[in-house]
Amino acid sequence: MTDRLEMTGGEALARMFAAHDVGPMFGMGGFQLLPFYDAVRRLEMRHYLINDERCGIFAADAYAKITGRPGVCDATLGPGATNLATGLAEALNAGTPLVVLVGDAHRAHAWKNMTQEARQLEVLRPVCKEVIRVECIERIPELVRRAFAVATHGRPGPVVVDVPEDISHGVHAFPPEEFRADESCRQIPAARIRPDAASLAKAAELLAKARRPVMLCGGGVHLSRAADIVEGFATALHIPVAHTLTGKGAISCRHPLSAGLFGRYSRIANTLISEADCLFVVGCKLGEVATRRFDLIPAGVPLIHLDILAEEFDRTTPATVRLWGDVGATLPELQALALACPDGADRSGLPDDTQRRMIAWRESVKTKLQSSEKPVAMARLMQEINDFLPEDGLLIADGGFAAHWGGLLFDSRRAGRSFVPDRGFASIGYGIPGAIGAALAAPGSRVLSLTGDGGCNMSLGELETAVRLKLPFTLLVVNNAASGYIKALQHLMYGAGAYQSSDLADTNYAQVAQTLGCQGIRVEDPSELRAALEAGAACQDRPTVIDIVVTRDPAHMLPGVDSRAAKIKPGDRIA
């Protein structure tokens, strides 16, 4: 008989995380999880104290988005647990695999006014893929395995493991063989499925015979780790590729078939969609932003929708053919069928046509991209980022303003995820913790994070975390002394001067950063941007914060006219 290992429930949890070879964990402990923390220390696992649970889950989210491995974080009961809700919603909507450990009240004393006790599972259940409550200490190995399986299979997502205090502090003798993991659950996709043959054949025929098809790629391409496959598919079939904010990198932005961002903001993609005779939607939910509030997709055009989650079919846009499957597993077979289809259309001219249009677009915005105006123009800042960031570099983008400018103007130099916005929930405050997760996910890579002054304010305390961890990322603070996105919308809808609760103090974030132990640089002239970026790259033992004073004019804050507030006119590409 195998000797059993006697340990606390907290140690059993830590050993199961170790069995799944987790990366860095983020959390702020409480009494309920102290045995887990003690085991993490003794097992020499990587666990980092953060200053706000929401930021901890954002850091885990960014780590998982970049590596494809489940992110892990923890929180104590009550306010610790409820602080996770925003990050869980981001991960659920974005398809990010997370396992989130949450402490809970001692069951013998529950609902007797225990300190910080709340109906936390009722709060968290709607914003996660699954809640797993541990009621028996001996089931910890089984239930943690289940958490990783649910987090990584199908469309990935966050799983909450709720552990009462008495389970965490209790002791049980476990069989050693229980501390094992399924190898497939250590990364996404844990399993790949393909659509049925009849649907594939119909989709192949539609694609083969279309003269002006367009691929519309979303974040599902990256969840499948299939960007190279998408680029190969598009190249073989001569199909232009447009992307959502999270789908950027489905194809290199320098590829002749790259059409750029589509939806609310666009380079040439929206025009190509209006001319298309077949649309191939790949790992994309066709939500509000991607469809310009549901009026972008032309009626009557055949639409093929490939997605790992069948519930997304017809949610916003009816599909002619529904392909229920994994992107990486489906495209090679579909490519072979389409190439073998008789009477296929000749699309050999589409790469040149797409590239010609993109070159013309770049020429049309050249003066903006090279603008020497002061305060710094956002288009000039984005061009400096494009010129500076190497092929393996990463750009993290905070919600709203930063993500929209980044999505429109940032160029991914290769297929794959190099642009990491928090667009599942589009919450601001992601910039700093996202940079922490990215720096830990890709050590040695150059990491830039773009945030607004409002987003920076929301997570400023995590600069202390980054300094403590000696992380060498560069945070770019777009300082317009306003909640810029809101102020710009107020300007569009109500006119100049009609602003309410959208102005911020003009803070010098370089000075704030220096006080917190970072390198701080303030930029007011665009000619200073390159030197500031170089100084950030040279600083390898702490973060660099570059405070960039940008336009205060709300008429020039957005990368285009927002379709919710005003009609989009020809030429509305960069404000």
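Computed from a predicted structure; not experimentally measured. Side chains are part of it too, since the values below use all heavy atoms of this structure and drop only hydrogens, waters and symmetry mates.
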Worksheet item: Can you check side-chain contact (heavy atoms from CB on, under 4.5 Å) on Thr451 and Leu476, steps first, answer last?
Response: CA-CA 6 Å; Thr451 186; Leu476 307 172; over 6 Å; no
Worksheet item: Aromatic rings His106 and His109: how do their planes relate, parallel, tilted or perpendicular, breaks at 30° and 60°?
Response: tilted
Worksheet item: More than 12 heavy atoms of other residues, nucleotides or ligands under 6.0 Å from CZ of Arg194: is that the case?
Response: no
Worksheet entry | Pairing residues for Phe473 by the ring pair (Phe, Tyr, Trp, His ring centres under 6.0 Å) criterion, not counting sequence neighbours | none
Worksheet item: Salt bridge between Glu142 and Arg139, side-chain N to carboxylate O under 4.0 Å?
Response: yes
Response to the item:
Taken in chain and number order and not counting sequence neighbours, the residues that satisfy side chain to side chain contact (heavy atoms under 4.5 Å, CB included) with Glu130 are Ile132, Val150, Val159
Fill in: Check: Asn508 side chain, Gln511 main-chain N or O, donor-acceptor pair, under 3.5 Å
yes
Worksheet item: Are the side chains of His47 and Arg41 in touch, meaning some heavy atoms are under 4.5 Å apart?
Response: no
Practice prompt. Salt-bridge test for Arg4 and Glu6: reply yes if a basic N is under 4.0 Å from a carboxylate O, no otherwise.
Written response: no
Worksheet item: Taking C-beta and beyond as the side chain, do Met28 and Leu49 meet within less than 4.5 Å on heavy atoms?
Response: yes
Discussion item. Under the rule for ring pair (Phe, Tyr, Trp, His ring centres under 6.0 Å), what residues qualify as partners of His153, not counting sequence neighbours?
Written reply: none
Practice prompt. Name all residues meeting the side chain to side chain contact (heavy atoms under 4.5 Å, CB included) criterion together with Ile66; count only those two or more places apart in sequence or in a different chain, and write none if there are none.
Written response: Leu394, Ile396, Val420, Ala438, Ala441
Fill in: Test item: Asn479 side-chain N/O and Asp506 main-chain N/O as donor-acceptor pair under 3.5 Å
no
Fill in: Partner residues of Glu11 under the side-chain hydrogen bond (donor to acceptor under 3.5 Å, both in side chains) criterion, sequence neighbours left out
Arg15, Arg42
Item to complete: Please examine the side chains of Val102 and Val163, heavy atoms only from C-beta on, and report whether any two atoms are closer than 4.5 Å.
Response: no
Fill in: Pairing residues for Ala513 by the side chain to side chain contact (heavy atoms under 4.5 Å, CB included) criterion, not counting sequence neighbours
Cys518, Val545
Fill in: Gln32 and Asp104 side chains, donor-acceptor separation under 3.5 Å
no
Worksheet item: Any sub-3.5 Å donor-acceptor pair from Arg145's side-chain atoms to Glu178's backbone N or O?
Response: yes
Discussion item. Rounded at 0.5 Å granularity, tell me how far CD1 in Ile385 sits from CG in Leu448.
Written reply: 6.0 Å
Item to complete: Give every residue pair that meets the salt bridge (Lys or Arg N to Asp or Glu O under 4.0 Å) criterion with at least one member in residues 432-457, sequence neighbours excluded.
Response: none
Discussion item. Tell me every residue that passes side-chain hydrogen bond (donor to acceptor under 3.5 Å, both in side chains) with Glu311, counting only those two or more places apart in sequence or in another chain.
Written reply: none
Worksheet item: Is the shortest side-chain N to carboxylate O distance from Asp541 to Lys470 below 4.0 Å?
Response: no
Worksheet item: Just wondering, do Leu92 and Leu88 contact through their side chains at under 4.5 Å, heavy atoms?
Response: no
Fill in: Listed partners of Pro24 passing side chain to side chain contact (heavy atoms under 4.5 Å, CB included), at least two apart
Phe26, Arg46, Tyr48, Tyr63, Leu440
Response to the item:
Across all chains, not counting sequence neighbours, the side-chain hydrogen bond (donor to acceptor under 3.5 Å, both in side chains) partners of Thr244 are Thr246
Discussion item. Looking at Arg107 and Glu165, is any side-chain nitrogen of the basic one under 4.0 Å from a carboxylate oxygen of the acidic one?
Written reply: no
Discussion item. For the backbone of Gly78 and the side chain of Gln120, can you confirm whether one donor and one acceptor N or O come within less than 3.5 Å of each other?
Written reply: yes
Fill in: Within residues 64-85 or reaching into it, pairs that qualify as salt bridge (Lys or Arg N to Asp or Glu O under 4.0 Å) - sequence neighbours excluded
Asp21-Arg69, Asp61-Lys65, Lys65-Glu90
Worksheet item: Can you pull the ring-ring contact (aromatic ring centres under 6.0 Å, His included) pairs that have at least one residue in residues 421-460, sequence neighbours excluded?
Response: Phe58-Tyr430
Item to complete: For atom CD of Gln540, decide whether the heavy atoms of other residues, nucleotides or ligands shown that lie under 6.0 angstrom number more than 12.
Response: yes
